[in-house]
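Please read the structure below before turning to the comments.
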Number of protein chains: 2
Amino acid sequence: MKTLKELSDELKRNNIRLTHQRLKVLEYLSNSKTHPTVEEIYSALKKEVPSLSKTTIYNTLNYLSELNLIKALTIDENEAHFDADTHTHGHFKCSACGKIYDFDINIDSFDTEHLNNFEINEKIVYFKGICPRCLSNINIE
Amino acid sequence: MKTLKELSDELKRNNIRLTHQRLKVLEYLSNSKTHPTVEEIYSALKKEVPSLSKTTIYNTLNYLSELNLIKALTIDENEAHFDADTHTHGHFKCSACGKIYDFDINIDSFDTEHLNNFEINEKIVYFKGICPRCLSNINIE
DNA sequence: TTTCCTCTTTGTAATGGTTACAAGTTATTA
DNA sequence: TAATAACTTGTAACCATTACAAAGAGGAAA
């Protein structure tokens, strides 16, 4: 998980101004462990920054993604989720509750001999299924 | 890659009627190795079946996905791609040309001790980068 | 064949996440 | 302070996908 300072410094380094709005988005994301969507970030920050526009959030997140400071997750079919943790790890999405979990996985141990002539820039691992919490709820019913 | 017969039989078994339109979609997908989108399937089949509607293609593909006879790929941010090959394998998307390649990978060898209490139903691996063809084109320029 | 019922197809409209754009605002530099 | 560039905002456009209703097609039973 990236700290607010790391994100801010990196933006400065890329000549991207650290505005109040951007700082709020960075702060929210770097403190979050739930892989929030734009909508979630928006409704959370709207209280503190009433003038905030969704476009600003999209802009900020897109900048950060381009700079590889955050990751956009496409594990959810209809909405992007964002993750301030860019160290390679897996994501598990529960089909019942929709929650997205992190899990450690040694992606670089994959045998990828078939991709010898490919330049690999990103390795993504998504698992889907039912989380323990939902499994126990099903058993109760 | 699923044969047309396998797909047809499985649909019959699930009491889904094998209409002319559905057979065409199944046939196209089972012969395809390029992970086509709905748009591609539509424009290819429209010539043969002029009355064909996009909704029918969505319906058919959704049925097949629910029955786990095909896989919907979300490696592309803005459009779903479909794959008649359901044996677990990885997908590599070239960021330059957009082409999606298959590659073999032993996903079950992953160490997933952190997910001991999770019910895992699907394992997805996406790699992104530049394919050999585009790499050599860049070198020429 | 005829009737009935159900499933399917089709076109259009609606949905919803995301992006484009223009106008106004803010920051930076000189 | 003025000038320039970057940023924010709201609205409108975009586009893949889904919802829906009406028309069409197929199978079962008589």
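Small disclaimer: the values here were computed from a predicted structure and weren't measured. All chains are named by letter (A, B, ...) in the order of the sequence lines, taking the proteins before the strands, and each is independently numbered beginning at 1.
Judged by distance alone, with hydrogens and angles left aside, A:Thr37 brings no side-chain donor or acceptor close enough to the base of C:dG17 to form a pair under 3.5 Å. For A:Thr55 against D:dG10, a side-chain-to-base donor-acceptor contact under 3.5 Å is present.
Residue B:Tyr63 is classed as a sugar-phosphate contact, given heavy-atom separations below 4.0 Å to backbone atoms only.
Checked by atom type and distance alone, the side chain of A:Thr37 never pairs as donor or acceptor with a backbone atom of A:Ala80 at under 3.5 Å.
Between B:Lys128 and B:Glu77 there is a salt bridge, since a side-chain N of the basic residue sits under 4.0 Å from a carboxylate O of the acidic one.
As rounded to whole Å, 15 Å separates atom P of D:dT17 from atom CD of B:Glu66. Atom CD in B:Glu39 sits about 16 Å away from atom P in D:dC14, given to the nearest Å. Look at CG on B:Asp76: it is 13 Å from C1' on D:dC15, rounded to the nearest Å. In this structure, CD of A:Glu79 is placed 17 Å from C1' of D:dC15, rounded to the nearest angstrom. Residue B:Ile41 contributes atom CD1, which lies 14 Å from atom P of D:dA16 at whole-angstrom precision. The distance from atom NZ of A:Lys54 to atom C1' of D:dT8 is 16 Å, rounded to the nearest whole Å. In this entry the distance linking CG of A:Leu23 with C1' of D:dC7 reads 13 Å, nearest Å. Separating the CG atom of B:Leu61 from the P atom of D:dT18 is a distance of 10 Å, rounded to the nearest angstrom.
Between D:dT17, C:dT10, D:dT9, one nucleotide has an atom nearer to the side chain of A:Thr56 than all others, and that is D:dT9. Considering only side-chain atoms of B:Leu52, the nucleotide from D:dC7, D:dT17, C:dT10 that sits closest is C:dT10.
Taking the nucleotide of DNA chain D with the nearest heavy atom to each of B:Arg17 and B:Asn78, the more 5' of the two is matched to B:Asn78.
Side-chain nitrogen and oxygen atoms of B:Asn62 include at least one within less than 4.0 Å of the OP1 or OP2 phosphate oxygen of D:dT18. Residue A:Ser53 places none of its side-chain N or O atoms closer than 4.0 Å to OP1 or OP2 of D:dT8. For B:Thr19 and C:dT8, the shortest distance from a side-chain N or O to OP1 or OP2 is not below 4.0 Å. Regarding contacts with the backbone of D:dT17, a side-chain N or O of B:Tyr58 is found under 4.0 angstrom from either OP1 or OP2. One finds no side-chain N or O of A:Gln21 lying less than 4.0 angstrom from the OP1 or OP2 phosphate oxygen of C:dT26.
A:Lys99 NZ: 12 or fewer foreign heavy atoms inside a 6.0 Å radius.
The aromatic ring centroids of B:Tyr101 and A:Phe118 lie less than 6.0 Å from each other. Taking the six-membered ring for Trp and the full ring otherwise, the centers of A:His81 and A:His91 sit at least 6.0 Å from each other.
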